[in-house]
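Everything below concerns the one structure shown next.
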Amino acid sequence: VSINATVNFFKDLGLEVNSKKTQVMIFNTKGHSAKQFSSIKFYIANNLLTKADSYVYLGLVFKPSGSVSAALKELHTKANKAWFSISNTLYQNKKMSISKSLQLVDSLVTPIGLYACEFWTPLSIPTKNLETRESLLKFWEGFLPETLNQRVCRMLLSVHKKSSRLAVLGEMARHPLFLKAIIQSLKYEWHLKNITTSSLISSSLKEMYSHANQGYSNWVTTLDNMKSLLAIPNLPRYLPPKKVGVHLKKIVHSHFESFYLREINKYSVGDDGIDHNKLRFYKCFKGSFTKEPYLDLVKNRNQRTWLTRLRISSHHLSIETGRWAKPRPIPINERLCKYCSEGLVDSESHFLLGCSTLSNKTRCFESKLSAMIPDYSSLTSKDKISTILCPTSAASAKLVNKYINILFKARECIDSGEHISSLTFPPTIEQFCSDDLNTSDVGDSMSLSDSDSLSLSDSENSSLDDFEI
């Protein structure tokens, strides 16, 4: 009956359905293939129609189960190809600002991954993630396009794939793509409700609401649930579409930013009475979902990489590597520093200012930093850590980055039994402030008489593959 109605509809318009190019897909909850329905036949004008197990309509792959997972995987594959076509250019251009890099990604890659997300986003959210606002916002981690978004962000920050996803987004104030998909879905629903009631799409919307009233779950019931969880009011139809998008974006982003702060400040206390939240160090100086100033102050990615890695715990200190131990993680209070005899946990704070083996390097660094920040020496240890990791000038950011690099390289020398040579820093602040500074220039400009010091350049030897999944 439906096929005949479709044929008659086009016939009234003076068009004829081409039976050779027309296929039938039998949707069923178990996703059975067409072979399971061999006895069922469909015709158009006595012409037998082919039954299909997969069909591409308007760029989306449909399967008999009605699931959108196949369509999402296909879009994800295409988005990955688009990313690979520009990733090497972005990686090699280390002085391109993060905002420009993300603008390119959002123009050339993101639209492919989120193609038709207005349709498939509500259908891709599991029922368990529609119970509370918290569970809905947590689905950003399971949202397939976010995999690529994380890959992009990690490359721009030069951190490894085990880095905290929340910290990676927080450094750049980059909202998950799931939020964008939600906003576009809600905006599309608002548009459908305000178009002429005589249109086919309006009739389809009415039919979905009719099914919803009968207790069936569908596209509109999921959107209504999302609006309820996110406290989104009914927007008047006279609003310009652009203002609708701005209003929805403000509400959704606000909810996620509050969720973000709750997550990084969460206390995950174990049996040992210690907080096991991976972001327990990050939350000491991260108080809002805003882009960190040093990312804009230091144009050259190589001159801020080590600072980023220490901030978000994307490193190989014992406090972090102890989590990876098999068959079970090493208790936090046993993840001790093996480079000094104090018997203290090898944490980020200990690494920066507390390790006695590298104390000469620390004194050299603090003397340089005190010249840039006069009141630094009067700060408490906690405030010193925040000052070091939240630099407010290009010069201090580059100095901190070089210092962290030197400490890690010094530990590598100790591990390999090599002699640690003289520690050097550029003699003038102007050298640190120069955006055109060649990374190889930051090395041999100032030698100290310190017998336990190290000379390094800021150049990176890592490749693009180090930041891929």
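For clarity, every value in this text was computed on a predicted model and none was experimentally measured.
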Going by the rule side chain to side chain contact (heavy atoms under 4.5 Å, CB included), which residues pair with [X] if we only count those two or more places apart in sequence or in a different chain?
X      : result
Ser288 : Thr290
Lys382 : Thr380
Ala82  : Val109, Ile112
Ser164 : Leu166, Ala167, Lys278, Leu279

Salt bridge (charged side-chain N to carboxylate O under 4.0 Å, His left out) partners of residues 232-254, not counting sequence neighbours, each pair once: none
Sequence neighbours excluded, every pair satisfying salt bridge (charged side-chain N to carboxylate O under 4.0 Å, His left out) that has a member inside residues 101-113: Asp106-Arg174
CA sep, side-chain torsions, deciding dist, call: Leu353, Glu366, side chain to side chain contact (heavy atoms under 4.5 Å, CB included): CA-CA 9 Å; Leu353 299 176; Glu366 289 192 303; 3.6 Å; yes
With a 3.5 Å cut-off and no angle check, do the side chains of [X] and [Y] form a donor-acceptor pair?
X      : Y      : result
Tyr282 : Asn277 : no
Thr308 : Tyr294 : yes
Ser347 : Ser349 : no
Ser356 : Tyr339 : no

Side chains of [X] and [Y], heavy atoms from C-beta outward: is any pair under 4.5 Å?
X      : Y      : result
Leu75  : Leu60  : yes
Leu123 : Thr222 : no
Glu74  : Lys78  : yes
Met372 : Pro391 : no

Rounded to the nearest 0.5 Å, how far does [atom2] of [Y] lie from [atom1] of [X]?
X      : Y      : atom1 : atom2 : answer
Leu137 : Glu257 : CG    : CD    : 11.5 Å
Gln303 : Leu297 : CD    : CG    : 12.5 Å
Ile182 : Leu177 : CD1   : CG    : 11.5 Å
Ser185 : Lys227 : OG    : NZ    : 11.5 Å
Glu134 : Phe259 : CD    : CZ    : 5.5 Å
Ser99  : Leu104 : OG    : CG    : 10.0 Å

Parallel, tilted or perpendicular: rings of His160 and Trp324 (30°, 60°): perpendicular
Mutual orientation of the aromatic rings belonging to Phe256 and Tyr260 [parallel < 30°, tilted 30-60°, perpendicular > 60°]: tilted
Please check this pair: side chain of [X] against backbone of [Y], looking for a donor-acceptor N/O pair closer than 3.5 Å.
X      : Y      : result
Arg335 : Ile330 : yes
Arg309 : Val159 : no
Arg311 : Leu389 : yes
Asn93  : Thr89  : no
Lys286 : Gly170 : yes
Ser386 : Asp383 : no
Trp120 : Tyr115 : yes
Asn405 : Asn401 : no
Thr305 : Arg301 : yes
Thr121 : Glu118 : no

Check against side chain to side chain donor-acceptor pair (under 3.5 Å), Ser69 and Ser67: CA-CA 6 Å; Ser69 59; Ser67 170; 3.0 Å; yes
cation_pi(Lys94, Tyr91) dist<6.0 Å, angle<=45: yes
Lys193 NZ/CZ over Tyr209 ring centroid, <6.0 Å and within 45° of normal: no
Residues Leu136, Leu130; criterion side chain to side chain contact (heavy atoms under 4.5 Å, CB included); working and verdict: CA-CA 6 Å; Leu136 174 62; Leu130 293 169; 4.1 Å; yes
Carboxylate-amine/guanidinium contact Glu320 Arg323, below 4.0 Å: yes
For Leu248 against Ile183, the heavy-atom pair lying closest together: CD1-O, 3.9 Å
Audit row: Phe365, Val400, side chain to side chain contact (heavy atoms under 4.5 Å, CB included) steps and yes/no: CA-CA 8 Å; Phe365 161 72; Val400 170; 3.9 Å; yes
Step-by-step ring-ring contact (aromatic ring centres under 6.0 Å, His included) determination, His175 to Phe289: CA-CA 9 Å; His175 291 90; Phe289 191 81; 4.8 Å; yes
CA sep, side-chain torsions, deciding dist, call: Leu369, Lys384, side chain to side chain contact (heavy atoms under 4.5 Å, CB included): CA-CA 10 Å; Leu369 191 62; Lys384 282 183 178 180; over 6 Å; no
CG (Asn234) with more than 12 external heavy atoms under 6.0 Å: no
